[in-house]
Q: 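Dropping the structure in here first, questions after.
Throughout, protein chains are lettered first and strands after them, A, B, ... in sequence-line order, and every chain is numbered starting at 1. Treat the numbers as computed from the prediction; the structure is a model and nothing was measured.
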Amino acid sequence: MAPIPPTLGDFSVLPISIPPVPSFPRTTIHYVYVRRNAPKVPTANNSRSLFLTNVPVDSTELHLRGIFTALVGAGRFQSATFEDDRKGAESLADAQPAQVARLHAHHQTQLSSSTSSQKKRKRGEGEDAERAQEEAAARLPSTWTRPLHGSGGTAVVLLADEKSIEQVLKAIAKLHRTNKYPTWGDNVEQSAAAVPRLGSVWLKAHSRLSYPDRDALQAALDAFSTLFARKEQEAAAMAKRLRNEPDEDGFVTVTRGGRNAPASKNEAEEARKKMVEREEKRKEEDVSFYRFQRRERKKEEQADLLQRFEEDRKKVFAMRQQRGKFVPEA
Amino acid sequence: MSTAMEPNHAKRRKTQHSREGARKALGAVASSGGLSKSRAFILEADELLEEISLDYGAALEGVDDLLRRIKGSIEAIEPRESLPVTVAASKLEKKHRIRVPFPEPRPAESSNYKVAFAQPAQFNVVGSYVSKTMVKTQKDHSVDMVVVMPAELFQEKDYLDMRYFYKRAYYLAIIAVALQKDFGSDADLSYEYLNGNALCPIFSLRPKLLKDTEAAKEKEAAGLLNYRIRIIPCSPDAVFPKTKLRLGAALLRKGKEEDAEPSPFYNSTLAAEGCFLPYLRLLRQAEKKCAAFKSACILGRVWLQQRGFGGDLSEGGFGNFEWAVLLALLLQGGDSSGHATLSGSLSSTQLFKAMIQFLSVTNFAEKPCVLGAGSADLDSAIELGPVIYDSSRQLNIAFKMNPGSAAQIHQHAKWTRTLLNDTTADQFTPSFILKSDLALQNFDLVARLNFNDEFNGAVNSDCRGKIWGFSDKVYKVLRAALADKELGERARLIHIQNPRYPQWSLTENPSFHNSPVLEIGILFDSVNMARTVDRGPAAGPTAEEKEECDRFRAFWDEKAELRRFERDTIRETVIWNSVSAFDLCEEIMRYVFRLHLRVGHVDDEVTFFGDSFSSLLPFKPTDTSIYYEAKKAFSVFERDIRDLEDLPLHVRNVSPICPELRHASAKPPSLTPSKSGPRPMEAVISFEASGKWPESLVAIQRTKVAFLLMIASLLEKSKPGKIKAYVGLDDAKSEAENLSFLDVVYDSGAAFRLRIHSDLEEILLERQVKDKSLEQHVRTRTTALLATFRRQYTHLPLHGQSISTSATRFPALSPTIRLLKHWFNVHKLAYHFSEEFIELVVLNVFRSPYPWDAPSSASTGLLRALLFLARWDWRSEPLIVDTGGDMPMADRHAIGTRLEAWRKIDPNMNHTVLFVATTHDASGIAYTTIDGHAKPSKVVAARMTALAKSACRLVKEEGVELDPRRLFVPSLKDYDVLIKLNSKLTKSILKTYTTDDPVDGGGDSTGRSKFKNLDERTGQDALPLAQHPTETLLKQLNEVYAGPLVFFHGAAEDATIGAIWNPLMQKRGFRVNLPTSYRPVGKANDEDEGEEEEEDEEKDVVEVNREAIVAEIARIGADLIESIDVKRL
């Protein structure tokens, strides 16, 4: 095998030695690819964070801490965020009524970005944190003690300071010379409190956690309904505002509904559906009233027959292409 | 005299009447030609005719020349003076070492009549060679030449006591001597029986193929057949008076004139001897009169051949000759009034359909079928065997048939008629292409009965050989036992396959190769066959009733007993001990064989096949009742829910959606507490339409959870102590999916899982799917969500209903589904297929069973389902299961078009693979695309087809001796990685309790008290099982490694997971978001197949780090995985 290159593009290759387990008694090597974190939208901490890709599927923060401790000693590692966690955080944002989402989108495309971003800024960071907390409370309890990560997934590791980054990268470079790779699971205590174990315990815990406490469930639901009620209110307010607000060309968006609130989109849809149905029924009824209609229908039928005949011919031809279709089986 | 004629007249009128009906039906068939499917049928049949037509020039090159030479050498034979029969025979044997193939019984030494040889009166080539109706695919090709013996050789009384046949045999031996001299070196010569008829030996000459010469190879490439020439001596027309040969006459007298039994077979054979040339003329006339006659005969030949019928006695005695003659007679003047039943202007397919129609309305074994003017008194003849009487030639064409074969051909014709009337089915393939004579696919029970030599022909075997007498007797006994109308027919069809006489050499006597065995096939009536009590005639005081009872007792002997039934009737009764249909049939057969044939007391005399299928699954006869109990428990559950008063919305429906509640689960539902936690049966609940649902998918899901919490507490309150309810969480990936379910556990052990249907959810999803302003990935996700929603709440309830109804209509449906699911399980395919798909495949086999009828047992059902899977070309054909039974043609067209459209969009079948449409679901992918992924994928579907094909091959090769277990042997060598689970540990985590520490998952077993009574969990109810741990693990693995590995797994209890590496994931250029774990392998130049080309000519290449992936799996499974067997990395 060719020697392992120390870097791939701007990534450093971090080999990790995986100890054997009884069911698969081989030592294997897993490769994590590391570089400085450079997200498209810079964050406050990106100067002291690393971007990891191809993290093992059973990674936890403690596992990564163990690896970094082995690389540069204790005290440098601060925290790790996994790709899947970040995704999960977004999901409750959908919790607004569908119609509001639509209006919102509509609104944003129409108004120039200045107004909306102004509004956002107004809210401030404190409010954001509060909201995040609320959303966390509204989330349903997790059913996993230790969620797995997708194979080849990414993570962002936050270190103590910018200097640590340099040290980590240097340490990785050194690994390729000494061939002394850090071991997966070192410095990690596998117990209920620290890192939950996988395997049967993990699956059993999942079976148990699938049936959460009713009170906990109720609390999450209550938190959600407060959240949702507020969003609904906001939505109503926005819809109301939009009804009277001309856009930059001076047009006012027309929305259905009475004086107090816009009509439910639902009702509008249903009304439309009914109308379409009525229309169709009427059409069907007077399709064979005039002679020309009957004549035309007959013609259509004939054309249809002819067409199907052609189709059959084609089908048989296609069958002939596949050999053996016309030979009785022996 | 006149009184005697009276009933006869009545009968004749009846025959006439039924013929009238047949004619009308024929007309209807003939004039129908407007439907699309039947047009396709015509086109396909034409194609078939073209495909199988024989190029006579190339295939039978040199035949005419050879025939001429044969004729020459026969003509050159010197006449021989008459000698006493035995003297002549021994002389011939001594001089030429050729045996005279005398029929049994051989002429007695003392016989004093004489045999001689004189120039043949005439030579003629007959049969399908002259009529040009041979096809490429027939079993063997033969050219028939008849040699008409001169009339002066015979005396008036030669029709008696086989004298004619002795003379004929001698004549044949003389011809054999001459031909051996002239052709012995360049042809294989042998004797054989004409159509297996032991009275008529004939001479066969098969030219030796010159191997390894250039010319021979060339000829073979051109299609030269390995044909044979059959030389058939026959009598001149009208050498014996036809009236002497009538069916009821007793011509085998052996000196005792009075008590001789009628010998219809002998008589008809004798009559047929003189009819070769008249029939040749008849067929010629028909060809002239009707242009399509020849093609119709070829279609008939194919139809018969695919069903195993042939002119040979052992093949039923109805072959292409009989077909052609029957058709010709119908064209000429089938009616007794002399009118033609069929018009000569019909096309070949119309003639074929007309023949099928005719065969399906006429059962030759029940009523004599008379063709042509005039009538003979045949009503007594029908007792002796099937009759198709050609009045102008005064011959029973059906003389080689037996009642069993007549019933069988009648049945097959009925099935084909149903097929031809079913405009929605593919009519062509089952009619002509499918080979449908495999015993195990045809019959629910197959038995082999050794021919007992000690069985002395108490019945008249009528010169067909002892075995035929035996087989007739077996048929009669079985008919009386299994197909008695009074008792209620247990069997729909009884088929007996007799052994066939092979060819034999000129120097020997004919004999079977092995000891002869009868093969008996029984087609069940699934309801009647499961009957354990046979109610015979009522034991009344009248003489008639007494007589009936005596007859019943005579047949059933000691088994018959008197029993009192409801309404004080006392009846003769037979009680059987077995439980399943198969065992009952076996018990009855063994009993009657022992009683009436004196065989079967030794067990090896009769062997039964086909039962071991049901022993593959722990099928118990009580299973059906468990399913009914589950349904009953469900209705209690439904009532409990409907009775809840404080629900804010009115309940509209509670519908079961799981296989357990539609008789279709591989394992019957467990309704009693077991080692695992309760396994709930799934159902969905829908409420009246309401405007109260919030207008947001996420909020709807939350509202559902709240709703379930409410139902849970209400249920527990309504029946305290009897019901436990648990709200559980689904493993949802987003908040917009269904989040939760409610498990309701009854103290009786039944458990149900409830999910809520919200109509607004569907509307919102639909709207999002249509909303073009949304991003593509959102819409794709929503489409998947909508599909899941529709499957869960719309399709599955309807599917459950249709399977349940069909399960009551077809008793064999439920066991067949279970057996096929078992097959999918052992081959580790089940993980990739939805249960509904498997159910629909089986339902299709029952709904569209052509060329048979719906299966009446699990074994035939399974074999036909496998046959379907093996033959289904899912790349281009949709599977359309008409669950409602009224799908219009236009819909079927639309479904076909949809499939074509899918294949055009997605030719590599990445998204849509199997296409299964039902009446309720025209989309075709409700059960084969789950969460936006094809389930199964193309690879797995191909594997299914391959496995089904090899199963069918095995069935074909092994025949009835197939050990069904061999169909259920998984081949583990095909997998790259085998993950073996610790099944003991898996079992130990099937049960969880509320008191278990959720984080530690209950901890180790060491933490628990050793003593059961000290264990705090004793007496506590276990939580229901959200999902089987193996399935949970597999689901996790699949989510994590969807790219590099394809997992295979069967039922939840299966402790071995197979996996293969995805061959599409190769070495590739490095980039940030790799789909799985990769390891660097150095640099490569541009030749590699990386997706994104970089400007850099040197690229970093990575490959799948398979070893690390296996190590990861080992870590995930930890103690649950016993070992990982890696075959390929």
Q: Flag the one option from A:Asp304, A:Thr7, A:Leu8 with the top tally of heavy-atom pairs under 4.5 Å to chain B.
A: A:Leu8

Q: What part of B:Asn1073 lies closer than 4.5 angstrom to a heavy atom of chain A: side chain, backbone, both or neither?
A: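 The side chain, not the backbone.
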
Q: Report the option among B:Val1102, B:Ile52, B:Leu990, B:Val705 that has the most heavy-atom pairs separated by less than 4.5 Å from atoms of chain A.
A: B:Val705

Q: Quick check on A:Arg313 against chain B: is it the side chain, the backbone, both or neither that has a heavy atom closer than 4.5 Å?
A: both

Q: Against chain A, label B:Thr137 side chain, backbone, both or neither, depending on which of its atoms sit under 4.5 Å from a heavy atom there.
A: side chain

Q: Measure distances from A:Ile18 to the heavy atoms of chain B and classify the residue's part below 4.5 Å as side chain, backbone, both or neither.
A: side chain

Q: Are A:Asp312 and B:Ile42 packed together at the side-chain level, in the sense that at least one heavy-atom pair is separated by less than 4.5 angstrom?
A: no

Q: Distance from B:Asp730 atom CG to A:Thr143 atom OG1, nearest 0.5 Å?
A: 9.5 Å

Q: If I measure from the heavy atoms of chain A, does B:Arg871 come under 4.5 Å with its side chain, its backbone, both, or neither?
A: side chain

Q: What part of A:Val21 is in contact with chain B, defined as an atom under 4.5 angstrom from a non-hydrogen atom: side chain, backbone, both or neither?
A: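 For A:Val21, the contact with chain B is made by the side chain alone.
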
Q: Looking at side-chain heavy atoms only, is the closest gap between B:Val1072 and A:Tyr33 below 4.5 Å?
A: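 Answer no - side chains too far apart.
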
Q: Mind checking whether B:Phe428 and A:Phe326 have parallel, tilted or perpendicular rings, split at 30° and 60°?
A: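 Tilted, since the angle between the ring planes falls between 30° and 60°.
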
Q: Given a strict heavy-atom distance threshold of 4.5 Å, which part of B:Asp731 is in contact with chain A: side chain, backbone, both, or neither?
A: side chain

Q: Applying side chain to side chain donor-acceptor pair (under 3.5 Å), which residue pairs with at least one partner in residues 8-20 of chain A are found, sequence neighbours left out?
A: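 Counting only pairs at least two positions apart or across chains, no side chain to side chain donor-acceptor pair (under 3.5 Å) contact touches residues 8-20 of chain A.
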
Q: Below 4.5 Å from any heavy atom of chain B, which atoms of A:Ser210 appear? Answer side chain, backbone, both or neither.
A: both

Q: State whether the side chain of B:Glu1112 and the backbone N or O of A:Asp58 hold a donor-acceptor pair below 3.5 Å, judged by distance alone.
A: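 Checking the backbone N and O of A:Asp58 against the side chain of B:Glu1112, no donor-acceptor pair under 3.5 Å is found.
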
Q: Given a strict heavy-atom distance threshold of 4.5 Å, which part of B:Ala1022 is in contact with chain A: side chain, backbone, both, or neither?
A: neither

Q: Is chain A contacted by the side chain of B:Val135, its backbone, both, or neither, given a heavy-atom distance below 4.5 Å?
A: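 No part of B:Val135 comes within 4.5 Å of chain A.
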
Q: With rounding to the nearest 0.5 angstrom, report the NE2 to OG1 distance, A:His206 to B:Thr992.
A: 10.5 Å

Q: Do A:Glu232 and B:Glu695 come within less than 4.5 Å of each other through their side chains, counting heavy atoms only?
A: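 A:Glu232 vs B:Glu695: side chains apart.
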
Q: If I measure from the heavy atoms of chain A, does B:Asp437 come under 4.5 Å with its side chain, its backbone, both, or neither?
A: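 Contact with chain A involves no heavy atom of B:Asp437 at all.
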
Q: Do A:Ser207 and B:Leu1023 have side chains that get closer than 4.5 Å, going by heavy atoms?
A: no

Q: Non-hydrogen atoms of chain A under 4.5 Å away: do they reach the side chain of B:Lys980, the backbone, both or neither?
A: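 Neither the backbone nor the side chain of B:Lys980 comes within 4.5 Å of chain A.
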
Q: How long is the span from the OG1 atom in A:Thr28 to the CD1 atom in B:Ile1109, to the nearest 0.5 Å?
A: 11.0 Å

Q: Within this structure, what is the CD1-CH2 distance for the pair B:Ile1116 and A:Trp202, rounded to the nearest 0.5 Å?
A: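 Separation between the atoms: 6.0 Å.
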
Q: So, do B:Arg1115 and A:Pro56 sit near enough that their side-chain heavy atoms are less than 4.5 Å apart?
A: yes

Q: Do any N or O atoms from the side chain of B:Arg702 and from the backbone of A:Phe228 form a donor-acceptor pair under 3.5 angstrom?
A: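 Not a single qualifying donor-acceptor pair exists.
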
Q: Any donor-acceptor pair under 3.5 Å linking the side chain of B:Asn1105 with the backbone of A:Ile29?
A: yes

Q: Quick one: does any side-chain atom of A:Ser200 pair with a main-chain N or O of B:Leu1120 as donor and acceptor, under 3.5 Å?
A: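 Pair absent, no side-chain N/O of A:Ser200 close to backbone of B:Leu1120.
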
Q: Sort B:Leu48 into side chain, backbone, both or neither according to what part of it lies under 4.5 angstrom from a heavy atom of chain A.
A: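 Both backbone and side chain.
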
Q: Let's test your reading of the structure: which of A:Gly9, A:Gly199, A:Ser23, A:Gly152 forms the most heavy-atom pairs below 4.5 Å with chain B?
A: A:Ser23

Q: Supply the atom-to-atom distance B:Leu739 CG to A:Leu140 CG, rounded to the nearest 0.5 angstrom.
A: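 Those atoms lie 5.5 Å apart.
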
Q: Indicate yes or no for a side-chain donor-acceptor contact from A:Asn54 to the backbone of B:Tyr1078 under 3.5 Å, with no hydrogens or angles considered.
A: yes

Q: Is the closest side-chain heavy-atom distance between A:His30 and B:Ser1077 below 4.5 Å?
A: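 A side-chain contact under 4.5 Å exists here.
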
Q: Which bit of B:Pro1075 is near chain A, if near means a heavy-atom gap under 4.5 Å: side chain, backbone, both or neither?
A: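 Just its backbone gets close to chain A.
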
Q: Measure B:Ser713 against the heavy atoms of chain A and call it side chain, backbone, both or neither at under 4.5 Å.
A: both

Q: Taking side chain as everything from C-beta outward and backbone as N, CA, C, O, which of these in B:Val727 sits under 4.5 Å from a heavy atom of chain A? Side chain, backbone, both or neither.
A: both

Q: Under a 4.5 Å heavy-atom cut-off, does chain A meet the side chain of B:Glu1107, its backbone, both or neither?
A: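 Answer is both: backbone and side chain atoms of B:Glu1107 are under 4.5 Å from chain A.
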
Q: What is the distance from atom CG of B:Leu43 to atom CZ of A:Phe309, rounded to the nearest 0.5 Å?
A: 5.0 Å

Q: Side chain, backbone, both or neither: which part of B:Leu434 has a non-hydrogen atom closer than 4.5 Å to chain A?
A: both

